[in-house]
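Data block below; observations after.
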Amino acid sequence: MPGPTRKAGRAVARGVGALDARLPLSEVARTGVRKVFPDHWSFLLGELALYSFVVLLLTGVFLTFFFDPSMRETPYQGSYEPLRGVPMSQAYLSTLRISFDVRGGLLIRQIHHWAALLFVAAIGVHMLRVFLTGAFRRPREVNWTVGVTLFLLALLEGFAGYSLPDDLLSGTGLRIAQGIMLSVPVVGTYLSLFAFGGEFPGGDIVSRLYAVHILLVPGLLTVLITLHILLVVTLKHTQWPGPGRTGRNVVGLPFFPQYTAKSAGLFFAVFGVLAALGAVAQINPIWTYGPYRTDVVSIGSQPDWYVGFLEGALRLMPGVETRLWGHTIAWNALVTAVLLPGALFSVLYAYPYFERWITGPAGERHLCDRPRDRPVRTGLAVAAVSAYAVLLLAGAQDILAFVFDVNVHGLTWALRIGLFVVPVAVFWLTRRLCLALQWREQRLLTDGEESGLVLQGPEGGFHPQHRALTPTERYAVLARERPRPVEPAGDSGRGGPGRRLDRVRSALSHWYYGDRVRYPATAAQRRKTEKTTAGPDRRNTP
């Protein structure tokens with residue numbers, strides 16, 4: 001048999017060589033294996049989102065074998081006795097069947113729901129990390145745009161999946177969604193009729209959401225996640241400043257085998273935690289709500305946390321209507337559920353270009369900023385999170401009023417005031433805290449770190465002893481970019497709107513970068529820091 005074996009081996013080698021000549025797989029594989037990724041826990045947040053998405057796909061495929069998105073009503077005759085004989089849609093009935101009659105169905109369904117919550121949360125925290133560290137700057141503006149789109153699609157995917165069972169809780173959410181559609185001037189009625197297939201509740205909404213949930217949005221998410229990863233590999237990963245780390249290299253673990261083993265361990269940990277949650281932590285018990293009826297609203301109904309801010313905004317906005325040219329504009333739903341999310345995502349999409357505009361010309365940036373070194377940017381992020389927290393509390397204001405025995409009207413007004421006061425106060429406090437941390441580091445550079453020793457001098461006085469920072473510790477403090485505020489162009493011949501825009505840009509830049517703590521450093525140290533933080537400018541690369 002040696003002869004046939006050698007011939008088969010040569011045939012395989014020729015086939016691999018011919019394939020590699022047309023598709024350079026070996027070169028791509030060698031490059032991918034040698035790819036270096038920085039080793040820091042904060043960079044695993046994106047992988048956490050990726051692996052929760054993988055769990056979503058695996059469990060979602062299982063659930064599609066048993067779920068029926070039909071709205072046709074049938075009396076229930078399953079194993080859950082309290083609902084026997086109750087008319088319900090096939091969507092709700094098949095969800096009950098998955099929960100009580102399919103072996104392992106309830107476990108898979110709950111893992112799927114927990115994975116959806118983790119997926120949205122991981123994307124949100126990952127975006128917050130990217131924002132706070134400035135990892136959205138050139139050349140990663142497009143990747144930031146992809147990430148924001150992923151977050152938007154994840155919200156849509158979660159809402160579609162949440163609405164599929166056609167229970168009383170999800171039906172209440174769909175009723176709110178229909179009211180939001182109707183608030184859109186002129187075309188709102190047509191949007192509602194198209195989505196629901198007629199007057200609410202219609203007969204097509206669940207089947208259409210089912211197609212969106214299992215086909216359209218997952219396909220878009222898969223494409224954008226792939227593009228996101230390709231851009232990370234192509235543009236190289238950002239990294240924290242440190243000795244030997246510059247804007248021209250990446251210090252970390254090679255993709256294979258170290259980083260592969262670490263990433264695989266994270267995947268199994270994510271799957272294990274989600275499986276444990278699905279087994280012991282009950283979530284979305286639809287059998288306690290019952291099937292949806294248009295004349296019934298569930299008590300204490302709360303949406304999933306990622307759309308809770310919209311619920312809170314709807315509850316805080318006063319009910320104001322305007323009649324114009326035969327059309328009624330319901331400002332309550334239009335402002336809070338259409339204009340507010342639109343403004344939020346418009347700001348997220350535009351922010352990298354806004355910061356580059358007020359910063360001035362700059363090359364590529366591959367080193368992460370420490371949040372304390374960007375007080376205004378960090379303050380804006382924390383203020384936005386605080387505003388979200390206020391709206392999330394407002395979404396449960398009736399439950400809070402009941403639990404703490406307070407007047408719901410007074411609580412609503414307190415939350416309305418807090419929505420405007422809390423973010424401003426949090427922004428000021430965060431900004432001052434960042435500057436205080438910078439002042440502390442300045443003192444450490446000049447005086448050193450307290451050693452805990454106190455010596456008595458010849459005159460009888462006691463003097464605390466300080467330890468000078470090591471070169472590594474000094475580098476971690478000094479290796480930071482310190483942009484200067486952009487000054488007005490002066491007498492550049494520009495007039496009218498152009499000159500006013502230039503003044504606005506300068507004013508915003510001074511507000512953004514005006515408060516700076518100057519660290520003691522020699523001119524040589526400053527030049528070295530600027531050289532290590534800046535990356536190559538690809539505009540000058542042939």
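Taking 4.5 Å as the limit, every side-chain heavy atom of Ile286 sits out of range of all side-chain heavy atoms of Leu169. Looking only at side-chain heavy atoms (C-beta outward), Arg137 and Asp369 come within less than 4.5 Å of each other. Here the side chains of Val120 and Leu155 are in contact, with some heavy-atom distance below 4.5 Å. By the 4.5 Å heavy-atom criterion applied to side chains, Ile283 and Leu117 are counted as neighbours. Between Arg138 and Arg365 the shortest side-chain heavy-atom distance does not fall below 4.5 Å. Within the 4.5 Å cutoff, side-chain heavy atoms of Glu355 are placed close to those of Tyr512. A 4.5 Å side-chain heavy-atom check between Phe43 and Thr238 finds at least one atom pair inside the cut-off.
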For residues 176-191, run the donor-acceptor check on the side chains, cut-off 3.5 Å, and write out each pair with its distance to 0.1 Å, sequence neighbours left out.
| unit_1 | atom_1 | unit_2 | atom_2 | d |
| --- | --- | --- | --- | --- |
| Gln178 | OE1 | Arg175 | NH1 | 3.1 |
| Gln178 | NE2 | Ser192 | OG | 3.2 |
| Ser183 | OG | Ile180 | O | 2.6 |

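Other residues, nucleotides and ligands contribute at most 12 non-hydrogen atoms within 6.0 Å of the CZ atom of Phe402. Within 6.0 Å of the CH2 atom in Trp428, the count of heavy atoms belonging to other residues, nucleotides or ligands does not exceed 12. Enclosure of atom CZ in Phe345 by more than 12 non-hydrogen atoms of other residues, nucleotides or ligands within 6.0 angstrom is indicated. With a 6.0 Å radius and a threshold of 12 heavy atoms from other residues, nucleotides or ligands, Asp405 has its CG atom at or below the threshold. More than 12 heavy atoms of other residues, nucleotides or ligands lie within 6.0 Å of CH2 in Trp357, so this atom counts as buried by the packing criterion.
Looking only at distances, a side-chain donor or acceptor of Gln438 sits under 3.5 Å from a matching main-chain atom of Arg372. Under a 3.5 Å cut-off, the side chain of Thr59 and the backbone N or O of Val55 do form a donor-acceptor pair. The backbone N or O of Arg505 sits nowhere less than 3.5 Å from a side-chain atom of Ser509 that would complete a donor-acceptor pair. In this structure, Ser386 contributes its side chain and Ala383 its backbone to a donor-acceptor pair below 3.5 Å. Looking at Trp114, its side chain does come within 3.5 Å of a backbone N or O of Ala281 through a donor-acceptor pair. Thr288 contributes a side-chain N or O that, together with a main-chain N or O of Pro285, makes up a donor-acceptor pair within less than 3.5 Å. No donor-acceptor pair closer than 3.5 Å links the side chain of Arg377 to the backbone N or O of Pro371.
There is a side-chain donor-acceptor pair under 3.5 Å between Glu487 and His510. Using modelled atom types and a 3.5 Å distance limit, the side chains of His366 and Glu364 yield a donor-acceptor pair. Ser89 and Tyr292 share no side-chain donor-acceptor pair at under 3.5 Å.
In this structure, Leu132 CG and Asp373 CG are separated by 12.0 Å, a value rounded to the nearest 0.5 Å. In this structure, Tyr92 OH and Leu164 CG are separated by 14.5 Å, a value rounded to the nearest 0.5 Å. Atom CG of Leu152 sits about 10.5 Å away from atom CG of Leu224, to the nearest 0.5 Å. With rounding to the nearest 0.5 angstrom, the NE2 atom of His213 is 10.0 Å from the CG atom of Leu156. To the nearest 0.5 angstrom, Leu508 atom CG is 14.5 Å from Arg503 atom CZ. Taken from CG in Leu310 to CG in Leu340, the straight-line distance is 7.0 Å, to the nearest 0.5 Å.
Contact check on Glu441 versus Arg370 returns a salt bridge, with a Lys/Arg side-chain nitrogen under 4.0 Å from an Asp/Glu carboxylate oxygen.
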Under the ring pair (Phe, Tyr, Trp, His ring centres under 6.0 Å) criterion, do Phe271 and Tyr51 qualify, and how do the steps go? CA-CA 8 Å; Phe271 186 83; Tyr51 294 141; over 10 Å; no

side-chain hydrogen bond (donor to acceptor under 3.5 Å, both in side chains) between Ser170 and Asp167, worked out: CA-CA 6 Å; Ser170 65; Asp167 60 289; 2.9 Å; yes

Go through the steps to decide whether Leu96 and Ser99 satisfy the test side chain to side chain contact (heavy atoms under 4.5 Å, CB included), and finish with yes or no. CA-CA 5 Å; Leu96 288 178; Ser99 302; 5.5 Å; no

Any chance you could lay out the side chain to side chain contact (heavy atoms under 4.5 Å, CB included) test for Arg482 and Tyr513, step after step, and finish with the verdict? CA-CA 8 Å; Arg482 293 178 288 276; Tyr513 297 115; over 6 Å; no

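Ring-centre distance between Phe131 and Phe136: below the 6.0 Å cut-off.
The aromatic rings of Phe200 and Phe196 lie perpendicular to each other, with more than 60° between the two planes, well past the 30° mark.
Across every non-hydrogen atom of Pro423 and Gly418, the tightest pair is CD-O, 3.5 Å. Across all their heavy atoms, Thr359 and Pro483 have their closest contact at CG2-CB, 4.1 Å. The shortest heavy-atom contact between Ser42 and Arg129 is O-NE, 3.8 Å.
Residue pairs meeting the side chain to side chain donor-acceptor pair (under 3.5 Å) criterion with at least one partner in residues 216-228, sequence neighbours excluded, are Asn143-His228. Applying the side chain to side chain donor-acceptor pair (under 3.5 Å) test to every pair with at least one member in residues 303-322, sequence neighbours left out, gives these pairs: His113-Asp304, Asp304-Tyr306, Glu311-Arg315, Arg315-Gln397, Arg315-Asp398, Thr322-Trp331.
Taking the ring centre of Trp144 as origin, the terminal cationic atom of Arg140 falls outside the region bounded by 6.0 Å and 45° from the ring axis.
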